Amino acid sequence: MDFPVLHDWSLAPAEAIALQRQLAQCVLLQDTSPRPIKTIAGVDVSCRLHGRRFHAAVVLLGFPGMQLLETVTASLDIDFPYVPGLLSFRELPVILQAAEKLQRSPDLLLVDGQGLAHPRRFGLACHLGLWLDLPTIGCGKSRLYGEHDEVGDEKGAQTPLRDKDGEEIGSLLRTRNKVKPLYISPGHRVSLASATELALACCTRYRLPEPIRAAHAACNRQRLLDEDSA
DNA sequence: GCGACAG
DNA sequence: ATCTTGTCGC
């Protein structure tokens, strides 16, 4: 894949917050992915506890069959601290290095983390989508921001996630019976309704959507390989 | 001031 | 996120 540089990464946390407010203005909440969707990518990052070496994987799967088509990885040392709300400044650099290696461009990317459901409406999925100028959806395993009611028990049940003013910013989605729901929100170029619908369409028998499961396994393998060769 | 806080 | 094995429950 090929994409231009949106900005540099030599930022302090306070500057990163200001940049998020700027970039959030560019996020598009409309569906622009080609129909029918033929490929969906999964993105995830792995690192050691208190370590600064990060390992990313981007896997390309066919849709709706979920066949593995391509796997790319990258490893990079990161010094930006973990600050809730600034996750993309830790994870995005290594993700972009991996994404560059992808031969084909996906119709959509599923990201492990939040999209719109963020205090400044600019989670990791938004940042990645804007940088690649591709449709993205955030699939968080726990809550960063937003209020909601309980979700139904059955797979497919969902309830809206709203900000303090009641505006919808995502949804809680039960991706399988008797598991904690996922926090789904649009990243870029995807509508609220489509984000939930597409995330569910990628779920088989596990809590996490198949593209993210595959990416999770791949970045962990990459970490072992990188640690082994060092 | 206190609690919350993606990965 | 990660440290870690087996184990209890649907």
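Because the structure is a prediction, the values reported are computed rather than measured. Just so we're on the same page: letters track the sequence lines, and every chain starts at 1. Hydrogens, waters and symmetry mates play no part in the numbers below; they use all other heavy atoms, side chains included.
Rounded to a whole Å, the CD atom of A:Gln20 is 14 Å from the P atom of B:dA6. Between the C1' atom of B:dA6 and the NE2 atom of A:His216 lies a distance of 14 Å, rounded to the nearest Å. Straight-line distance from the CG atom of A:Asp163 to the P atom of B:dA6: 18 Å, rounded to whole Å. Nucleotide C:dT2 holds its C1' atom 13 Å from the CD atom of A:Glu91, rounded to whole Å. Atom CD in A:Gln222 sits about 17 Å away from atom C1' in C:dA1, given to the nearest Å. Rounded to whole Å, the distance from CD on A:Gln114 to C1' on B:dA4 is 14 Å. A:Arg52 has its CZ atom 17 Å from the C1' atom of C:dA1, to the nearest Å. Distance A:Glu147 CD to B:dC5 P: 12 Å, rounded to the nearest Å.
As judged by a 4.0 angstrom heavy-atom cut-off over every strand, A:Gly140 is placed among residues touching the sugar-phosphate backbone only. At a threshold of 4.0 angstrom between heavy atoms, the contacts of A:Leu86 include nucleobase atoms, whether or not backbone atoms are also involved. Residue A:Gly85 is classed as a base contact, given a heavy-atom separation below 4.0 Å to a base. No engagement by A:His50 is indicated, since no non-hydrogen atom pair under 4.0 Å with the nucleic acid exists. Counting any heavy atom pair closer than 4.0 Å across all strands shown, A:Asn177 reaches no nucleic acid atom.
With contacts defined as side-chain heavy-atom distances shorter than 4.5 Å, the pair A:Glu91/A:Leu124 qualifies.
Stacking of the aromatic ring of A:Tyr183 onto the base of B:dA6 is not found under the criterion of centres within 5.5 Å and planes under 30°.
Within the structure, every side-chain polar atom (N or O) of A:Arg90 is placed at least 4.0 Å from both OP1 and OP2 of B:dA6. For B:dA6, the OP1/OP2 oxygens have no side-chain nitrogen or oxygen of A:Lys141 closer than 4.0 Å. Between A:Ser46 and C:dT2 there is a side-chain polar atom (N or O) within less than 4.0 angstrom of OP1 or OP2. Between A:Tyr82 and B:dA6 there is a side-chain N or O to OP1 or OP2 distance below 4.0 Å.
Under the 30°/60° scheme for interplanar angles, the aromatic rings of A:His127 and A:Phe89 are found to stand perpendicular.
Comparing A:Lys178 and A:Asn220 by the nucleotide of DNA chain C whose heavy atom lies nearest to each, the residue mapping closer to the 5' end is A:Asn220.
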Are A:Asp149 and A:Thr159 close enough, and set up right, to give a side chain to side chain donor-acceptor pair (under 3.5 Å), and what steps lead you there?
CA-CA 7 Å; A:Asp149 293 328; A:Thr159 193; 4.8 Å; no
Take A:Asp112 and A:Lys141 through the salt bridge (Lys or Arg N to Asp or Glu O under 4.0 Å) test and state the conclusion after the steps.
CA-CA 8 Å; A:Asp112 192 327; A:Lys141 298 183 294 299; 2.8 Å; yes
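Environment of CD in A:Gln30: sparse, with no more than 12 heavy atoms of neighbouring residues, nucleotides or ligands closer than 6.0 Å. Environment of CG in A:Asp77: crowded, with over 12 heavy atoms of neighbouring residues, nucleotides or ligands closer than 6.0 Å.
For A:Arg143, whose side chain is taken as the heavy atoms from C-beta onward, the closest listed nucleotide among B:dA6, B:dA4, C:dC3 is B:dA4. Of the candidate nucleotides B:dA6, B:dG7, C:dC3, C:dC3 has the atom lying nearest to any side-chain atom of A:Leu49.
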